[in-house]
Amino acid sequence: MSVANVDDVRRNVRAAIRRHWVLFLVPGVVMAILGLLAAASPFVATLVVETFAGWLFLTSGFVGLAALFTTRSVPGFVWTLLSAVLAIG
């Protein structure tokens, strides 16, 4: 990549950040507020994170099974099946 291309990329990134600065600010403020709430109530934060992780594992397990059975000829079929079943269980 030449120096001119790098400068063009930098200019485009800066312009995009200037145009969409609110899209960077809002999630940052929301995450700061959620972090303060989590520090104020660690028990509730732990329950929320555990519930979210559980749903994430369950969903990824079912998606993994669906993807596995649509492409049965992939290498490592048994290991992929095992990991999907473990994610569900």
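Residues take their numbers from the sequence shown, with the count starting at 1. This one's a predicted model, so the numbers in the text were calculated from it and none came from an experiment.
- Side-chain contact between F62 and F57 is absent, with no heavy-atom pair separated by less than 4.5 Å.
- Residues I88 and V85 fall within the same hydrophobic cluster, defined by Ile, Leu, Val, Met, Phe, Trp and Tyr side chains chained together at heavy-atom separations under 4.5 Å.
- Residues R11 and D8 have side chains in contact (heavy-atom distance under 4.5 Å, counting atoms from C-beta outward).
- Two residues are said to be in side-chain contact when any heavy atoms from C-beta on lie closer than 4.5 Å; L81 and L65 meet this criterion.
- A continuous path of Ile, Leu, Val, Met, Phe, Trp and Tyr side chains, each step under 4.5 Å between heavy atoms, connects V30 with V22, placing both in one hydrophobic cluster.
- Separation of atoms CD1 (I17) and CG (L23) is listed at 11.5 Å; rounding is to 0.5 Å.
- In this structure, the separation between CG on L34 and CE on M31 is 6.5 Å, given to the nearest 0.5 Å.
- One distance of note links CG of L68 with CZ of F77; it measures 4.5 Å at 0.5 Å rounding.
- Here the CG atom belonging to L86 is positioned 10.0 Å from the CH2 atom belonging to W79, to the nearest 0.5 angstrom.
- For the pair T59 (side chain) and L56 (backbone), a donor-acceptor distance under 3.5 Å is absent.
- Nearest heavy-atom pair, G64 versus A84, reported as atom, atom and distance to 0.1 Å: C-CB, 4.3 Å.
- Under a hydrophobic-cluster definition in which Ile, Leu, Val, Met, Phe, Trp and Tyr are linked whenever side-chain heavy atoms come within less than 4.5 Å, directly or via other members, V63 and W55 are assigned to different clusters.
- Inter-residue side-chain proximity for F43 and T46 is flagged as unmet; no heavy-atom pair is nearer than 4.5 Å.
- No donor-acceptor distance shorter than 3.5 angstrom exists from the side chain of S41 to the backbone of L37, with no hydrogens or angles considered.
- Connection of V29 to V26 is established within a shared hydrophobic cluster, with ILVMFWY side chains joined at heavy-atom distances below 4.5 Å, either directly or through further cluster members.
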Discussion item. Quick one, F52 with V49, criterion side chain to side chain contact (heavy atoms under 4.5 Å, CB included). Give me CA distance, side-chain angles, the key distance, then yes/no.
Written reply: CA-CA 5 Å; F52 178 74; V49 169; 5.7 Å; no

